Asker: 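I'd like to ask some things about the structure below.
In this text, all values refer to a predicted model and were calculated from it rather than measured experimentally.
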Amino acid sequence: MRLRCAVLDDFQGVATTVADWSPLQERVEVVSFTEHIATEGELALALEDFDIVVTLRERVPFPAPLLDRLPRLKLLIASGMRNSVIDYAAAERNGVTVCGTESTSTPPVELTWALLLGLARGIVTENNALRANGPWQSTVGADLHGRRLGLLGLGKIGSRVARVGLAFGMEVVAWSQNLTEERTDEVGVQLAGSQEELLATSDFVSLHLVLSDRTRGLLGAPELALLKPTAYLVNTSRAALVDQDALLAVLREGRIAGAGVDVFDVEPLPADHPLRTAPRLLATPHLGYVSQNNYRTYYGQAVEDIEAFLAGEPVRRLG
């Protein structure tokens with residue numbers, strides 16, 4: 001009897017085609033779920049007959065109560081090598097091996113610039129008007145050259161975003177709690193004197209921080225109030241870095257020029273969520289990691305992890 005493998009959140013229906021699953025076909029039956037399963041109870045019922053689960057990033061939590069309800073589960077594979085929504089102790093207690101895959105930081109860098117440029121040049125507004133035979137030119141684009149780009153975080157992703165900003169001729173400044181002048185000099189940008197200074201003086205602000213107890217809610221109402229009314233905010237990192245109610249307020253009241261957002265407090269975003277209708281917002285459905293190369297890596301290495309597990313060989317363990 002073949003083992004059963006569930007692939008969760010395969011929204012595009014490509015998980016079994018972007019990688020070669022044929023080495024497993026005699027031993028593993030692969031079932032793709034193209035719709036998100038929202039509740040723990042629904043997940044427990046949907047996965048009760050599966051030995052292996054492949055999950056995307058941190059979209060689906062695997063807490064102890066869920067793992068306790070999946071006695072058949074033996075292998076849990078999450079894309080990426082960092083996952084904060086899996087209870088590793090409960091997985092070990094239930095005999096579940098948890099492993100991951102590699103991931104590249106290039107796609108979120110590119111999406112950050114897609115959002116920033118889309119905001120600056122009113123791309124969606126102008127495209128919609130053109131298609132609807134509306135006004136021929138209704139916006140005046142914001143220039144990038146000579147403007148200040150403020151980066152909260154200068155790690156692997158933030159530093160790449162910085163270099164693109166420099167290529168556009170922008171003045172790039174960065175800040176985070178442990179950022180040093182040595183690091184900013186290495187990237188070729190300026191170290192902001194404080195977070196407050198960065199927010200108050202930047203024309204574009206982009207977040208590139210890991211979510212932690214220290215960074216959760218980093219930008220609340222007082223911080224957002226520091227932004228210029230002509231400034232744009234971009235968040236492709238984690239929704240919880242920004243107070244969502246405060247963000248909605250500044251967008252609705254026109255206290256900033258706009259925001260580009262790829263991450264949300266609940267995903268997929270509910271149909272009645274206020275961000276779906278917020279003004280001055282350019283939003284994408286968490287596409288930061290969604291690219292052909294990343295998907296080939298995720299699912300190709302998931303196949304490798306399954307092969308290694310079945311052969312009793314080491315896997316890319318998480319936790």
Side-chain angles (χ1 to χ4, degrees), residues 1-13 15-16 19 21 24 27-103 210-213 216 238-240 263-270 286 288-290 294-295 297-319:
M1 180 179 295
R2 291 192 299 171
L3 300 178
R4 302 191 77 216
C5 172
V7 180
L8 299 180
D9 292 329
D10 182 19
F11 299 124
Q12 300 90 353
T16 58
W21 294 75
L24 301 174
R27 297 170 290 170
V28 179
E29 175 193 1
V30 180
V31 179
S32 171
F33 289 81
T34 57
E35 298 291 332
H36 181 66
I37 304 172
T39 71
E40 184 179 304
E42 291 171 327
L43 272 168
L45 289 174
L47 301 179
E48 63 182 355
D49 293 328
F50 287 91
D51 310 274
I52 304 166
V53 171
V54 179
T55 182
L56 268 180
R57 308 296 293 176
E58 297 172 317
R59 188 176 303 282
V60 178
F62 280 85
L66 175 58
L67 291 166
D68 291 342
R69 296 174 66 180
L70 300 174
R72 185 166 163 175
L73 181 63
K74 296 303 175 190
L75 179 64
L76 176 59
I77 304 170
S79 58
M81 291 303 294
R82 179 188 295 124
N83 196 300
S84 63
V85 298
I86 297 173
D87 188 322
Y88 296 101
E92 184 176 4
R93 187 178 69 247
N94 282 279
V96 179
T97 297
V98 183
C99 57
T101 73
E102 295 173 0
S103 181
V210 174
L211 181 63
S212 66
D213 291 339
R216 186 178 299 275
R238 289 292 184 269
V263 287
F264 306 93
D265 52 358
V266 180
E267 296 183 7
L269 203 61
H286 204 155
Y289 63 89
V290 181
N294 249 0
Y295 270 31
T297 299
Y298 291 166
Y299 295 116
Q301 293 192 358
V303 172
E304 293 172 3
D305 284 334
I306 295 170
E307 286 187 288
F309 177 78
L310 295 179
E313 298 173 354
V315 296
R316 300 175 182 87
R317 281 188 175 269
L318 290 180

Asker: Once rounded to the nearest 0.5 Å, what's the spacing between atom CD of Gln301 and atom CD of Glu307?
Answerer: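 Rounded to the nearest 0.5 Å, the CD-CD separation comes out at 12.0 Å.
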
Asker: Does atom CD (Glu35) have a neighbourhood of more than 12 heavy atoms from anything else shown, all under 6.0 Å?
Answerer: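 Incorrect, the count does not exceed 12.
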
Asker: With sequence neighbours excluded, tell me which residues meet side chain to side chain contact (heavy atoms under 4.5 Å, CB included) with Ala240.
Answerer: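 Side chain to side chain contact (heavy atoms under 4.5 Å, CB included) check on Ala240 returns Leu211, Arg216.
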
Asker: CD of Glu42: more than 12 outside heavy atoms within 6.0 angstrom?
Answerer: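 Yes, enclosed.
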
Asker: So which heavy atom on Val31 is nearest to which on Arg4, and how close?
Answerer: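 Taking Val31 first and Arg4 second, the nearest heavy atoms are CG2-NH2, 3.6 Å.
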
Asker: Determine the minimum heavy-atom distance between Pro71 and Asp68, stating which atoms define it.
Answerer: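 Between these two residues, the closest heavy atoms are CD-O, 4.5 Å.
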
Asker: Do you know the tightest heavy-atom contact between Phe62 and Val53?
Answerer: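 Heavy-atom minimum between the residues: CZ-CG1, 3.9 Å.
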
Asker: Ring centres under 6.0 Å, that's the criterion: do Phe33 and His36 meet it?
Answerer: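 No, ring centres 6.0 Å or more apart.
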
Asker: For a quick test of reading the model, state the closest non-hydrogen atom pair linking Leu47 to Ala6 and the distance between them.
Answerer: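 Reported closest heavy-atom pair: CD2-CB, 3.7 Å.
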
Asker: So does Arg27 have more than 12 non-hydrogen atoms from other groups sitting under 6.0 Å from CZ?
Answerer: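 Correct, the count exceeds 12.
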
Asker: Taking the inter-plane angle between the rings of Tyr299 and Trp21 on a 0 to 90° scale, is it parallel (under 30°), tilted (30 to 60°) or perpendicular (over 60°)?
Answerer: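 The arrangement is tilted - the two ring planes meet at 30° to 60°.
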
Asker: Working to the nearest 0.5 Å, report the span between CG of Leu318 and CG of Asp305.
Answerer: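 If we round to the nearest 0.5 Å, Leu318:CG and Asp305:CG are 9.0 Å apart.
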
Asker: Hey, is the main chain of Arg59 close enough, under 3.5 Å, to the side chain of Glu267 for a donor-acceptor pair?
Answerer: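 Not confirmed, Glu267 side chain does not pair with Arg59 backbone.
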
Asker: Not counting sequence neighbours, which residues clear side chain to side chain contact (heavy atoms under 4.5 Å, CB included) with Val290? List them please.
Answerer: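 Gln12, Leu287, Tyr295.
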
Asker: Taking all atoms of both residues into account, what is the closest heavy-atom pair of Cys99 and Leu75, and its distance?
Answerer: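 Reported closest heavy-atom pair: SG-CD1, 3.8 Å.
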
Asker: Return the minimal non-hydrogen interatomic distance between Arg57 and Ser103, and the atom names on each side.
Answerer: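 Taking every non-hydrogen atom into account, NH1-OG, 3.5 Å.
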
Asker: Does Val85 offer a backbone N or O that forms a donor-acceptor pair with the side chain of Glu58 under 3.5 Å?
Answerer: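 No.
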
